[in-house]
Amino acid sequence: MELRDLTYFETIAELGHLGQAAQKLNRSQPALTKSIQRLEEALGTRLFERDGRRIKLTPVGELLKVRGKQLQQSIAETQREVRDFAKGVLGNIRLGCAASMADHLLPHLTATLLSRAPEVTLNLVIGQDDYLREALTTGRLDMVICPQSHADPLLESHALGDGEAVVVASRHHPIFNGNYQLRDLCQYHWVLPASTVSARRWIDNAFHERELPLPQVQIETTSISLLPRLIGETNLLCFLARETLEDVKGVTHLREVVLQETTMKRTIVVFIRKGAYLSPAAGMLLGILKGEAAQIFNGV
């Protein structure tokens, strides 16, 4: 079985069309057909079947697609490990961090790392936890700092600290004109992340469990830095990490909508892939996070 054939197979499986795959790979259709035939002969079974004008994977083909991606990822990690060793360098870190905690966490964390490894290089990716976890599992990131959510058998997690997310509004929001309950929040519009993000799922569920209408989302965004001023200048409600609220409280007119039902307690963790290669630099950063989490989170 040749790695080139696996690469061709992956593209054909993704597109479900031999002609489109040939165009994307800049290969002829007969060449790709022979490639698939070599794989099928090596495995002793068919990998594709006809589906009208297109082709689709057989159950064995689906299994090979999953295993093929894992193999390609393993090869990429091996190449990276060998390059690091050959060059004798400390290495590069591809770090993802949830947008809700990046401003609060990364400056002190980065300063701590650079004080111990001045030559290290960093690729920092800021995003929502759904995107970051997907990038980690597919090998585009080495580690991710974000809230703990559902368990993933492919990932290993280390707890760093606890946090909260709360509903936030402008200090001048009409919700503060009198006493309020959870159902009173239903009459206002919200700005929230996509429904695939764990914090969004949690706040939606807080209303659903109490048989109330879900938050009326008027603006959906991935930008955390935009939210404080946006909330401060509108009557929109938002769901923010308490750290973000504390960081901007002195420069924006924000106030917590205090309700036990909408206070989300969560654990912040660092994720890595089980068994994946970590550069010496990434290993050092993981050690800092595991050994000095309290100081990092408090910025001291």
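Asp142 contributes no side-chain N or O that, together with a main-chain N or O of Leu95, makes up a donor-acceptor pair within less than 3.5 Å. Side-chain N or O atoms of Arg54 include one that pairs as donor or acceptor with a backbone N or O of Leu15 at under 3.5 Å. Looking at Thr196, its side chain never comes within 3.5 Å of a backbone N or O of Asp130 through a donor-acceptor pair. No donor-acceptor pair closer than 3.5 Å links the side chain of Ser35 to the backbone N or O of Ala31. Between the side chain of Arg200 and the main chain of Pro193, a donor-acceptor pair closer than 3.5 Å is present. With hydrogens and angles disregarded, a donor-acceptor distance shorter than 3.5 Å links the side chain of Asn92 to the backbone of Thr121. Gln187 contributes a side-chain N or O that, together with a main-chain N or O of Asp184, makes up a donor-acceptor pair within less than 3.5 Å. One N or O on the side chain of Thr244 and one on the backbone of Ser100 form a donor-acceptor pair closer than 3.5 Å.
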What's the verdict on side-chain contact (heavy atoms from CB on, under 4.5 Å) for Thr221 and Leu230, showing C-alpha distance, side-chain angles and the deciding distance? CA-CA 11 Å; Thr221 181; Leu230 179 61; 5.7 Å; no
Please lay out, stage by stage, how Leu109 and Leu285 fare under the test side-chain contact (heavy atoms from CB on, under 4.5 Å). CA-CA 9 Å; Leu109 175 61; Leu285 178 60; 3.6 Å; yes
Please lay out, stage by stage, how Glu243 and Asp103 fare under the test side-chain contact (heavy atoms from CB on, under 4.5 Å). CA-CA 9 Å; Glu243 294 88 353; Asp103 288 349; over 6 Å; no
For Thr112 and Glu292, run side-chain contact (heavy atoms from CB on, under 4.5 Å): C-alpha distance rounded to whole Å, both residues' side-chain angles, the deciding distance at 0.1 Å, then the answer. CA-CA 10 Å; Thr112 301; Glu292 305 175 36; 4.2 Å; yes
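Closest approach of Ala241 and Arg266 over heavy atoms only: CB-NH2, 3.1 Å. Ala99 and Thr222 make their closest contact through CB-O, 4.4 Å (heavy atoms, listed as atom of the first residue, atom of the second, distance). Of all heavy-atom pairs between Phe9 and Gly61, the closest is CZ-O, 3.4 Å. Nearest heavy-atom pair, Leu227 versus Val191, reported as atom, atom and distance to 0.1 Å: CD2-CG2, 3.7 Å. In terms of heavy-atom proximity, Pro228 sits nearest to Leu254 at O-CD2, 3.5 Å. Between Leu47 and Glu40, the closest heavy-atom pair is N-OE2, 2.9 Å.
Between atom CD1 of residue Ile36 and atom CD of residue Glu41 there is a gap of 11.5 Å, rounded to the nearest 0.5 Å. Summarising the geometry, atom SG belonging to Cys238 is positioned 4.5 Å from atom CD1 belonging to Ile231; distances are rounded to the nearest 0.5 Å. Atom OG of Ser223 is separated from atom CD1 of Ile126 by 11.5 Å, given to the nearest 0.5 angstrom. The CE atom of Met101 lies 9.5 Å from the CG atom of Leu106; values are rounded to the nearest 0.5 Å. Taking CD of Glu164 as the reference point, atom OG1 of Thr262 lies at 10.5 Å (rounded to 0.5 Å). A distance of 7.0 Å separates CG of Leu154 from OG1 of Thr137, quoted to the nearest 0.5 Å.
For Arg183, there are no side-chain hydrogen bond (donor to acceptor under 3.5 Å, both in side chains) partners at least two apart in sequence or on another chain.
Ile55 places a side-chain heavy atom less than 4.5 Å from the side chain of Arg50. Under the 4.5 Å side-chain criterion, counting only non-hydrogen atoms from C-beta, Arg4 is in contact with Arg38. For the pair Gln20/Lys24, no side-chain contact is recorded, criterion being any heavy-atom separation below 4.5 Å from C-beta on. Looking at Val120 and Met284, their side chains never come closer than 4.5 Å, going by heavy atoms from C-beta outward. In this structure, Ile268 and Leu105 have side chains that are not in contact, with every pair of non-hydrogen atoms separated by 4.5 Å or more. Using a 4.5 Å cut-off on side-chain heavy atoms (C-beta onward), Cys97 and Leu124 make no contact. Side chains of Asp162 and Lys265 form no contact here, defined as non-hydrogen atoms less than 4.5 Å apart. Put simply, the side chain of Asp204 reaches to within 4.5 Å of the side chain of Pro215, judged on heavy atoms.
Counting heavy atoms of neighbouring residues, nucleotides and ligands inside a 6.0 Å radius, atom CD of Gln23 does not exceed 12 of them. Within 6.0 Å of CZ on Phe48 lie more than 12 heavy atoms contributed by other residues, nucleotides or ligands. By the 6.0 Å contact criterion, NZ on Lys274 is enclosed, its count of non-hydrogen atoms from other residues, nucleotides or ligands being greater than 12. Taking a 6.0 Å sphere around NE2 of His208, one finds it holds 12 or fewer heavy atoms contributed by other residues, nucleotides or ligands.
Cluster membership check: Leu278 shares its hydrophobic cluster with Ile93, using side-chain heavy-atom separations under 4.5 Å among Ile, Leu, Val, Met, Phe, Trp and Tyr. Val197 and Leu226 are assigned to two separate hydrophobic clusters, defined by single-linkage of ILVMFWY side chains at heavy-atom distances under 4.5 Å. In the hydrophobic clustering of this structure, Leu63 does not group with Leu39; members are Ile, Leu, Val, Met, Phe, Trp, Tyr whose side-chain heavy atoms approach within less than 4.5 Å, directly or through other members.
A salt bridge is defined here as a Lys NZ or Arg NE, NH1 or NH2 lying under 4.0 Å from an Asp or Glu carboxylate O, and Glu134 with Arg140 meets this definition.
Think of Phe176 as one node in a network of Ile, Leu, Val, Met, Phe, Trp and Tyr side chains linked at under 4.5 Å; its network also takes in Val167, Ile175, Tyr180, Leu182, Leu185, Tyr188, Trp190, Leu192, Trp202, Ile203, Phe207, Leu212, Leu214, Val217, Leu237, Phe239, Val257, Val258, Leu259, Met264.
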